[in-house]
Undergrad: 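One structure, as structure tokens, below. Some questions next.
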Amino acid sequence: MQIAPFSFKVPAVMLDIAFLRQNADAVRAAIKNKRVDLDLDALLSVDKERREALLEIEKKRARKNEIAQLIPKATKEERPTLIEEGKAVKVALEQLEPTMAETQKRFEDLMLRVPSLPRPEVPIGAGEEDNVEIRKVGTPPAFDFKAKDHVELMTLHGMVNWDGPRKYAGGRSYALMGTGALLELAVTRLAVDTLVERGLTMVIPPVMVKERAMTGTGFFPLGREEAYAITADELFLVGTSEVPLVSLHCDDTLDAASLPIRYAGISNCFRREAGAYGKDTKGLYRVHQFTKVEQVVFCMPDEEVAEKEHYQLLGNAEAILAKLEIPYRVAIACTGEIGLGQTRKHEVESWMPGRNDGKGAYNETHSCSTLGDFQSRRSNIRVRLPDGTLAYPYTLNNTAIASPRILIPLLENHQNADGSITLPKALVPYMNGVTVLKPKVV
RNA sequence: GGAGAGCUGACCGAGUGGCCGAAGGUGCCUGAUUCGAAAUCAGGUGUAGUGAAAGCUACCAAGGGUUCGAAUCCCUUGCUCUCCGCCA
């Protein structure tokens, strides 16, 4: 009787171990700059141990196979001797193999923690303050009245039931009501239409996935605390549709001609926000469940191609913000702020007048990343190149819209003195022609 | 949830203990033939680890067991299909 392992066998690993051996210094720098908790030398020594053990086992196995082939041809007299030796080899292997398995496991655990190498243009830094602003687009509105934050506005409009859900669903829960719910549908549909028009294929993927999808996309093992687990079925709720979208091609060998593949996924996203207790508890900035339209691209493993795709994804998100008439800025994230697998990340921060004690602030609403072959290696996604060889395609992703967070700048920037909201023109058709949202008369 | 059938290489499909990393076919590649193509003929054609190389090792859904030796026998799990039940 054996319990199914709650982990999957890693078919491929992050950076090629051969690359690690030959470029230890570059990897060490990435570990340091990305502030990853990993001892590369420990990994290299486990690797050495593993290869030595492997060599010994393979020698024994070779002999085992040799004996097995000799026995049928052997004479009656030779046979008992060979069988004896076969037994001895078998016993020796039975001793070596568990040790090998243990070493291999240690090796794989460490390999899953190896970061990808940041691109040269990524600024080296520790925290948010080291991100480098690239441009500001649009002008924050100057209100000649006391502006309300989104909590006040949404309450005024009856867009949210704040208290009910907290009683039966816990902290950071909410229910979008009336125009609040309609707005979420409107902005997500606007985002979807924008992306489809730009050639992305719409996907509605599963939001409950197996562990391998989480590991394959790089969210596990380090982000395990952040995911909701459905233990009875060994499934996890995804924090972004990036997980099922990338996993859509796990174990596939893609045809080079099929690239780039560009997906637009929509899903509910679930995050425990385990490291954020007490942070942003007021309002809808940080919640456990939200809706997100996400862009995911698979492209040829070529830095130039990837860069082009990256800026296209960024452009798509900016186009959506332009339609919503929300001022924003774009920053490139420093090494300390980009994830394990990301080689480059841009953050798009929307202007939220109610943040920073009503003085306003730019806060993240989009995150645009290139991951190189980090995810395709882990997910065993390959591409057959024209010359017949196999390679790992690059993956990229970017938010298109995440609600209700996006409702914060949307409502706050477009508010009027009387608490009404003038909807951006592009949104009007999605709200069935309504141009101004009036506060609910109580 | 109950009962049954199945899972072999890019695909189809053979294979009930050693001669099987795996017949045969299809597809694909190369060459011959052709003005060119089709047809035909010949050869080649999985992935990964390790090694300078020759080679060696692993992989027939996954994991475990039996055996000197497992694609082949046994157990467990997963997935697919069929029937029954339940159901938006």
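Proteins get letters first, then strands, A, B, ... in listed order; numbering begins at 1 in each. Treat the numbers as computed from the prediction; the structure is a model and nothing was measured.
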Undergrad: Nearest 0.5 Å please: distance from the CD1 atom of Ile338(A) over to the CG atom of Asn33(A).
TA: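 The distance works out to 9.0 Å.
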Undergrad: How many angstroms lie between atom OG1 of Thr99(A) and atom CD of Gln104(A), to the nearest 0.5 angstrom?
TA: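 The CD atom of Gln104(A) is 13.0 Å from OG1 of Thr99(A), to the nearest 0.5 Å.
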Undergrad: Suppose we call two aromatic rings close when their centres sit under 6.0 Å apart. Are His249(A) and Phe298(A) close by that rule?
TA: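 Close enough - the centres of the two rings lie under 6.0 Å apart.
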Undergrad: Please list all pairs passing the side-chain hydrogen bond (donor to acceptor under 3.5 Å, both in side chains) test where one or both residues lie in residues 159-169 of chain A, with sequence neighbours left out.
TA: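 side-chain hydrogen bond (donor to acceptor under 3.5 Å, both in side chains) check on residues 159-169 of chain A returns Thr155(A)-Trp162(A).
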Undergrad: Specify the residue among Arg382(A) and Ala62(A) whose closest nucleotide of RNA chain B lies further upstream toward the 5′ end.
TA: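 By nearest-heavy-atom nucleotide position, the 5'-most residue is Arg382(A).
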Undergrad: Round to the nearest Å and state the distance from Leu93(A) atom CG to U67(B) atom C1'.
TA: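 Roughly 14 Å, once rounded to whole Å.
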Undergrad: Can you tell me the distance, in whole Å, between the CG atom of Asn380(A) and the P atom of A61(B)?
TA: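 Those two atoms, CG and P, are 17 Å apart.
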Undergrad: Just grab all the side-chain hydrogen bond (donor to acceptor under 3.5 Å, both in side chains) pairs involving residues 426-436 of chain A, residues at least two apart or on different chains.
TA: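 Passing the test, one end in residues 426-436 of chain A: Asp193(A)-Tyr430(A).
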Undergrad: When you compare the protein's N or O atoms with those of nucleotides 7-9 of chain B, which come within less than 3.5 Å of each other, and at what distance?
TA:
none

Undergrad: Judged by each residue's nearest nucleotide on RNA chain B, which is more toward the 5′ side, Arg384(A) or Arg61(A)?
TA: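 Result: Arg384(A).
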Undergrad: Ignoring backbone atoms, test whether Arg21(A) places a side-chain nitrogen or oxygen under 4.0 Å from the OP1 or OP2 oxygen of U50(B).
TA: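 Arg21(A) to U50(B) OP1/OP2: side-chain N or O found under 4.0 Å.
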Undergrad: When you check the phosphate oxygens OP1 and OP2 of C79(B), does a side-chain N or O of Arg212(A) lie under 4.0 Å from one of them?
TA: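 No.
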Undergrad: Heavy atom of residues 65-80 of chain A under 4.0 Å from RNA chain B: which residues?
TA: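 Residues of residues 65-80 of chain A under 4.0 Å from RNA chain B: Asn65(A), Ala68(A), Ile71(A), Pro72(A).
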Undergrad: Output all residues satisfying ring-ring contact (aromatic ring centres under 6.0 Å, His included) with His346(A), sequence neighbours left out; order by chain, then residue number.
TA: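 His310(A), Tyr311(A).
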Undergrad: Just the rounded figure in Å: distance from P of A10(B) to CG of Asp252(A).
TA: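 One finds 13 Å between P of A10(B) and CG of Asp252(A), rounded.
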Undergrad: What is the pairing partner of G1(B), taking Watson-Crick or G-U wobble pairs with both distances under 3.5 Å in any strand?
TA: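 Matched G1(B) with C84(B) under the 3.5 Å cut-off.
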Undergrad: In whole angstroms, how far is the P atom of C68(B) from the CZ atom of Arg63(A)?
TA: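 After rounding, the gap between these two atoms is 16 Å.
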Undergrad: Starting at CD1 of Ile406(A), measure out to CG of Leu411(A) and round the result to the nearest 0.5 Å.
TA: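 CG of Leu411(A) is found 10.5 Å from CD1 of Ile406(A).
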Undergrad: What pairs with Phe220(A) under ring-ring contact (aromatic ring centres under 6.0 Å, His included), at least two apart in sequence or on another chain?
TA: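 Residues passing ring-ring contact (aromatic ring centres under 6.0 Å, His included) with Phe220(A): Phe236(A).
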Undergrad: Just how far, in rounded Å, is P of U57(B) from CG of Leu96(A)?
TA: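 Checked: the CG to P distance equals 16 Å.
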Undergrad: Expressed as a whole number of angstroms, how long is the span from Lys60(A):NZ to G69(B):C1'?
TA: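 About 18 Å, once rounded to whole Å.
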